[in-house]
Amino acid sequence: MTTGKTMGENDIIICDGVKKWFGDFQALKGVTTNVKEREVVVVIGPSGSGKSTFIRCINRLEVHQEGRIVVDGTELTSDLRNIEKIRSEVGMVFQQFNLFPHLTVLQNITLAPMWVRKKPRDEAEASAMSLLERVGIPEQANKFPGQLSGGQQQRVAIARSLAMEPRIMLFDEPTSALDPEMIKEVLDVMKELALSGMTMVVVTHEMGFAREVADRVLFFDYGTIVEEGTPEHFFTNPQHDRTKLFLSQIL
Amino acid sequence: MTDRIELPEVPELEYAPEKPPQGPVVWMQENLFSSRASTLLTLVGLFIAYVFVKGAAGFLFDWAARRWDMVTLNMRLLMAQAYPAGDNLQITDAMGEPIDQFHRIWISLGIVVALAMFSFVFWRVGSRLSRRNLARVVMGIGGFILFTFLGVPIIDYALPFLFIIGGLAVLYIGFNAIREALGTSRLLGDLALGILINLPIGIALLVLGVTSVDFGGWDWQFSLGVHFWTILAGAVLAGVGWLLQRDEASKEETIPLMGVLGVVAAAVAGLIWVIQVPVPEELVVGADKTWEPVASSTTLPWTIILLGAIVVYFIALGVRRVVPEKTGRRVLAGLWLASFPFLSMVVLRDPGFGEQFAPGFDLTQYILIAVGFLVVGGAIIAVVAHENIGEWLAAIAGVIGVAIIYTWGFTSALFFIRFLLVLLLIFVLGAKTFGSGPARNRYLIVWGATMVILTYFFIIAKGGTTVQVPGASPFGGFLLTLIVFLGVTLLSFPLGVILALGRTSTMPIFRLMSVAYIEVVRAVPLITWLIMSIIFLPFALPLDAELDRILGVILFYSGFSAAYLAENVRGGLQAIRAGQKEASKALGMTTVQTMIFITLPQALRTVIPALVGGAIATFKDTSLVTIISLFDFLHISRFVIPNSTLGRASVRTTLVFAAAFYWIFTFAMSRASLRLEKKLGVGER
């Protein structure tokens, strides 16, 4: 691995036979996989394959109906307190950024630390500013999201998630809504984050990113994991026909 | 193959060409007579305007029939009706001398003006207006005067000339058009047709001796001299306005708002000290008249308020240098909010303590209860707000809930306790979310302040008032209209928001209750609810409680208005993208936090126009309180003044005045809403 990171042995996310239906349509057909601490997992697959549903289940934005999901030692059940505890430790970045348009960039970042983590305002603002430095846009702190470019908005969204000091970060197609020129600036931030040892689950179509940063690649289709492996194995020597077809179409 | 690709040179930045200033003729040609159809529509529109303006002007300027003096003479009645003044002899002190309470109204007005000056300094002191906007207002006024005093008589008395002018206009516009589009046969045809029709009709009318028509309406009330000067003034205004707005530079915002405010202050000063009107010495028919300033008997208080406003302006400027802008604005917003209950309940009502209380009322008992709640409740909240006490929250809330049910009793003290228990329950439930960690002390202070303020209002509501009028409410006139409007607006807002949240809630019981409430309340006419407020409300209150009629109206009206408001807010809530809630949840925020910080602020922003529309409707509909014998502004204009000895046949005049007065306020509200929308919209673009 070029990243040279050390691998922890603890499984921080455990998924065991996760099934999920939308009405009669089965989106997840028994997904079983574990994510280790400090591991970067990239999820790829055609649209409609259930990969977004899968990571949305991890912080219970979608509710799975069968199977077991354990995040950081806590099983996801309908118990509200567990869910809020887990959500505050699992950061999520969305395709559409979902910044709060009525708040400034700084307010977007400090809101949750102040009201969920109960941090004093100055402390929250100081750490927000250092996060903005980290994603490279400290000068935008007092602007509104609508005044920023897509790439800048997504970087604010990442900073907003990081402000909660999460142990896991979920990325749901973070670059799909961006112009090609802005994709790089977001990917750079994500690479830096991966290097720093953050546990990450990333749904993306950026194969370059997967190759360079991922410890493991999951290939989803028809609601199940069709194939998984290290990037070298996955891109150079795929086993499954479906994977070969997919790779031949996008590479 | 080369390694370098030749790029074309980047073109230099160019500015869009400036539009040359247009003459009025070109403007008319483009906007009024651009085609056959628009010419026709312009003429039809002019005729409709003629009919309306003629009718309205005839009504307003019919000096013999209009009774404007009834408006000025009865100004106090219109504004404050029976509010005790020294000379209406309704209450007397122990020595039999009349007690003058009217200064309370002046004090309230003074407080509002002072707040307004502070707000001006903290929000808009550096604002500037564009010359173009001001000039166009002036031009509009001038144009309207010209149309009324020149246009209407021309149509009345110079019809043949109008046709001749029309023919000449067609001739001129046609020539211009030909110059621009030579060879277009349609334009030539129009030209010929216009001249053919217009000129002969005009000449024929002249030959026949028909020089005037009358489509009904008014006779001119002015002498030729007055008429001439009015037209001249209109022409000057329109001309000056037009000249001042035609260049591009006039778009820049250069005129300080402060200057405009200064002009207004000067106008007020003129009304107080300079401009005089005849006032009868006694309120009887045919009394002698003396000349007095427009402010008349109110010269002294107005003088104090005007001078006070100027002094407060400079104080506010000084304060602004010391206090950060943001803090100042927050404090001011709080003061505005607090000003309504403070002015209406304390200053205007003057709670009388001591022997004024209802029999059987024990002040000590109330204060003891309140202090108990303050201390014990504060302790409970402090414990619940602690990080690890979450498990106890439900249990404590349950105990309070049971206590609320069991204190259901029909005496005032128990009613008071129940009320405080509900308050405590709300604070306990919110403690975990809003009061833990660094926010705890602030939360406890809010609890204490809420307790003290509510106890105070409970006690003064039980107490008597020194502002009494035998057998009636002391509030009437425009004062009543304002109190009902502000009370309803302030109360219905939180209630409506709660109903909207209930209706969009995922919890079936709340959703069902909200839907049921909204549908029932909206299905019954407002007048019915107002009547019910005096018939049914007493049944729901403790036996020894007496509810002021106005308070009852405000409560029922708020409930009614909240149902409509809830539907507006619901629209805003539904317009928010699902991603917003997801992002908020993904950050670990609770449902309540998501609602308060994310969904509601966005929803309310989008529905500002509808909310202000609702507020304007409420403002006007306050006139319905007349149905339960409250003497509001409109009621006095419509019945009280016209039924007085002097005021016979003045109802048309007073109604026009009432309409104009309502308009000033509703127009101000709609302008304020536009400003607010613009301001809040900035961040979203």
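In this text the structure is predicted, and so the values were computed from the model without any measurement. Letters A, B, ... are given to chains in the order of the sequence lines, protein chains preceding strands, and every chain is numbered from 1. Heavy atoms only: backbone and side chains are in, while hydrogens, waters and symmetry mates are out.
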**Item:** Non-neighbouring partners of Phe220(A) that pass ring pair (Phe, Tyr, Trp, His ring centres under 6.0 Å), sequence neighbours left out
**Value:** Phe54(A)
**Asked** Between atom CG of Leu587(B) and atom OG of Ser88(A), what is the distance when rounded to the nearest 0.5 Å?
**Response** 10.0 Å
**Prompt:** Can you name the residues of residues 573-583 of chain B that have some heavy atom under 4.5 Å away from a heavy atom in chain A?
**Reply:** Arg577(B), Gly579(B), Gln580(B), Glu582(B), Ala583(B)
**Request:** Report the distance from atom OG of Ser584(B) to atom CG of Leu111(A), rounding to the nearest 0.5 Å.
**Result:** 7.0 Å
**Message:** Looking at every non-hydrogen atom in both residues, tell me the closest pair between Trp115(A) and Arg442(B) and how far apart they are.
**Reply:** CH2-NH2, 4.0 Å
**Message:** Sort by residue number and list every residue of residues 182-192 of chain A having at least one heavy atom under 4.5 Å from chain B.
**Reply:** none
**Prompt:** Counting heavy atoms not belonging to Glu139(A), are there more than 12 under 6.0 Å from its CD?
**Reply:** yes
**Prompt:** Would the number of heavy atoms belonging to other residues, nucleotides or ligands and lying under 6.0 Å from NZ of Lys119(A) be above 12?
**Reply:** yes
**Fill in**
Heavy-atom closest pair (Glu84(A) atom, Gly588(B) atom, distance to 0.1 Å) is CG-O, 4.0 Å
**Item:** Segment of Phe100(A) engaging chain B (4.5 angstrom heavy-atom cut-off)
**Value:** both
**Prompt:** What part of Ile86(A) lies closer than 4.5 angstrom to a heavy atom of chain B: side chain, backbone, both or neither?
**Reply:** neither
**Prompt:** Which distance, rounded to the nearest 0.5 Å, do you find between the OG1 of Thr606(B) and the NE2 of His102(A)?
**Reply:** 11.5 Å
**Message:** Can you list the residues of residues 56-67 of chain A that sit under 4.5 Å from chain B, counting heavy atoms only?
**Reply:** Arg56(A), Asn59(A), Leu61(A)
